[in-house]
Amino acid sequence: MPSRDIVQADAFAWMDAHPAPARASVITSLPDVSELSHLDVEAWKAWFVGAVRRMIRWVPEDGVAVFYQSDIRHDGAWIDKGYLVVRGAEEEGAHLVWHTIVCRRPPGTIALGRPSYSHMIAVRRGPRLAVRSPGPDVLPDAGHMPWSKAMGVEACRVACRFVRDDVGSQVIVDPFCGRGTVLAVANAMGLDAIGVDVGAKRCRAARALVLGGEEEEGERLFDEGAWWEAHEAWERRWRAASDPAERRTLQGLIQIAAALHKLLVLGEPASAARLFARGIAKLEARPDLQHAFAACAQAAEQGRFERAALPRLGGP
């Protein structure tokens, strides 16, 4: 099982005393000016840029630092934290790997005071990285937030998936971990996690938080009609699974998700029929799903398929 270590300490004091683990990356949100009340805005900006630089220096060259930040309004003027992250990266000689806009409210929302979006920015000081599976430029939903200041679960998954699959990191470090959303998602995706926070209550919450992993993510994506994304989530779980029965069931779901993608997205009913048959045959451990998908496959062959007839894998 992936490990999770939570340390109650000042982030930078802990980082100064502990070199970054091998194959580690940072995913974090730096504190807002409201959380550092002893600093005025200009001093906080300088602190923020310096904090970005310290994070980048601390991460191994084969890792990345991912920052999740929401802009703020002060005295009627916006403070762009995305700019502050990029400024710190440039001053440290690091390069921008990607920049995603994460919607915290539905696109089109007119928000006063705080924006309805956040920046998620990945930077690296090591060699240029060939990104094989980039995340979305705009993530339409940050996902479930286990607490009011949390990084949304879907945003966490995008970041963790990138550092695991493209960067090859095995450890996620969040030096300002709060109640541990990043750490819980990292564990659910098979990564070890280390979190640091000054608050005892937040540290206790971070140790206790548990979130669903790749299989649950596949079920959610399937129920939302994201067939190919569900296929990829199950495939990652299938690669990690060791139980033969579990692997066979996952392979069946993978093929059924691919069949639905062929049928409903690509308009290739013949290919879909072949994938349906292969996938259904592998679901003997789940006769309920086997029967339901067989009925859907038969309806597709007869040209009367209805999406509403698909079983919900994540429950009602």
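- Counting heavy atoms from C-beta on, the side chains of I172 and I194 never come closer than 4.5 Å.
- The aromatic rings of H119 and Y117 sit perpendicular to each other, their planes meeting at more than 60°, with 30° as the lower class boundary.
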Candidate pair R124 and E61, rule salt bridge (charged side-chain N to carboxylate O under 4.0 Å, His left out), full reasoning: CA-CA 7 Å; R124 177 180 172 97; E61 283 200 355; over 6 Å; no

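- Residue R286 holds its CZ atom at 8.0 Å from CG of L283, rounded to the nearest 0.5 Å.
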Side-chain atoms of residues 250-267: list all donor-acceptor pairs with protein atoms under 3.5 Å, sequence neighbours left out, distances to 0.1 Å.
unit_1, atom_1, unit_2, atom_2, d
Q255, OE1, G279, N, 3.3
Q255, OE1, K282, NZ, 3.1
K262, NZ, E268, OE1, 3.3

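- When hydrophobic clusters are built by joining Ile, Leu, Val, Met, Phe, Trp and Tyr residues whose side-chain heavy atoms come closer than 4.5 Å, directly or via intermediates, I27 is grouped together with L129.
- If you take OG on S25 and CG on L191, they are separated by 9.5 Å, rounding to the nearest 0.5 Å.
- Across every non-hydrogen atom of V102 and A155, the tightest pair is CG1-CB, 4.1 Å.
- The existence of a salt bridge linking E219 and R312 is excluded, since no basic side-chain nitrogen approaches an acidic carboxylate oxygen closer than 4.0 Å.
- Residues A193 and A186 come closest through the heavy atom pair CB-CB, 4.4 Å.
- R57 CZ: more than 12 foreign heavy atoms inside a 6.0 Å radius.
- The environment of E306 atom CD is sparse: at most 12 non-hydrogen atoms of other residues, nucleotides or ligands sit within 6.0 angstrom.
- At a threshold of 4.5 Å between non-hydrogen side-chain atoms, the residues D71 and I79 do not count as touching.
- In the hydrophobic cluster analysis, where Ile, Leu, Val, Met, Phe, Trp and Tyr join through side-chain heavy atoms closer than 4.5 angstrom, V66 is grouped together with V158.
- Annotation: F293 is not in aromatic contact with H291 [ring centroid separation under 6.0 Å not met].
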Q.
Using side-chain contact (heavy atoms from CB on, under 4.5 Å), reason through L310 and C296 one step at a time and then give a plain yes or no.
A. CA-CA 7 Å; L310 285 168; C296 292; 3.8 Å; yes

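- The salt bridge (charged side-chain N to carboxylate O under 4.0 Å, His left out) contacts involving residues 28-40 comprise D32-K81, where partners must be two or more places apart or lie in separate chains.
- Linking ILVMFWY residues whenever their side-chain heavy atoms come closer than 4.5 Å, directly or via other members, places I56 and L96 in the same cluster.
- In this structure the side chain of V182 never reaches within 4.5 angstrom of the side chain of C177, judged on heavy atoms.
- Between V167 and G63 the shortest heavy-atom distance is CG1-CA, 3.9 Å.
- The cationic atom of R54 (NZ for Lys, CZ for Arg) lies less than 6.0 Å from the six-membered ring centre of F12 and within 45° of the ring axis.
- When all heavy atoms of E284 and P287 are compared, the closest pair comes out as O-CD, 3.6 Å.
- Of all the heavy atoms in V59 and A24, the pair that sits closest is CG1-O, 3.8 Å.
- For the atom pair R204 CZ and K201 NZ, the distance stands at 8.0 Å (nearest 0.5 Å).
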_Residue pair V171, R23: steps toward the side-chain contact (heavy atoms from CB on, under 4.5 Å) verdict_ = CA-CA 6 Å; V171 182; R23 303 188 70 178; 5.9 Å; no

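- Listed by first and then second residue, the salt bridge (charged side-chain N to carboxylate O under 4.0 Å, His left out) pairs that reach into residues 136-147 come to none, sequence neighbours excluded.
- Here the closest heavy-atom approach between residue D80 and residue Y83 is recorded as OD1-N, 3.1 Å.
- Classification of R87 and E90 as a salt-bridged pair fails, no side-chain N sitting under 4.0 Å from a carboxylate O.
- W47 is listed as a side-chain neighbour of L39, based on a closest heavy-atom distance under 4.5 Å.
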task = Step by step, work out the side-chain contact (heavy atoms from CB on, under 4.5 Å) result for F67 and V123.
result = CA-CA 8 Å; F67 298 92; V123 296; 3.8 Å; yes

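- No chain of hydrophobic side-chain contacts below 4.5 Å, direct or via other Ile, Leu, Val, Met, Phe, Trp or Tyr residues, connects V138 to I121.
- Using a 4.5 Å heavy-atom cutoff, the side chains of F48 and P31 are not in contact.
- Atoms CE and CD, from M55 and E92 in turn, are 12.5 Å apart once rounded to the nearest 0.5 Å.
- Under the rule for a ring pair (Phe, Tyr, Trp, His ring centres under 6.0 Å), the partners of H18 that lie at least two apart in sequence or sit in another chain are W14.
- F222 and W234 have tilted rings, their planes meeting at an angle from 30° to 60° on a 0 to 90° scale.
- For the atom pair SG of C156 and CZ of R161, the computed distance is 11.5 Å after rounding to the nearest 0.5 Å.
- Between H144 and P146, some side-chain heavy-atom pair lies under the 4.5 Å cut-off.
- The list of salt bridge (charged side-chain N to carboxylate O under 4.0 Å, His left out) pairs with a residue in residues 189-199, not counting sequence neighbours, reads D197-R202.
- Not one N or O on the side chain of R157 forms a donor-acceptor pair closer than 3.5 Å with the backbone of V185.
- Identified under the salt bridge (charged side-chain N to carboxylate O under 4.0 Å, His left out) test for residues 171-185, with sequence neighbours left out: none.
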V173/W58 under side-chain contact (heavy atoms from CB on, under 4.5 Å): CA gap, chis, key distance, verdict: CA-CA 11 Å; V173 182; W58 186 78; 3.8 Å; yes

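- Here the CZ-OG distance, from R164 to S169, works out to 11.5 Å after rounding to the nearest 0.5 Å.
- Note on F162 and L139: same hydrophobic cluster, where clusters join Ile, Leu, Val, Met, Phe, Trp and Tyr whose side-chain heavy atoms are under 4.5 Å apart, directly or indirectly.
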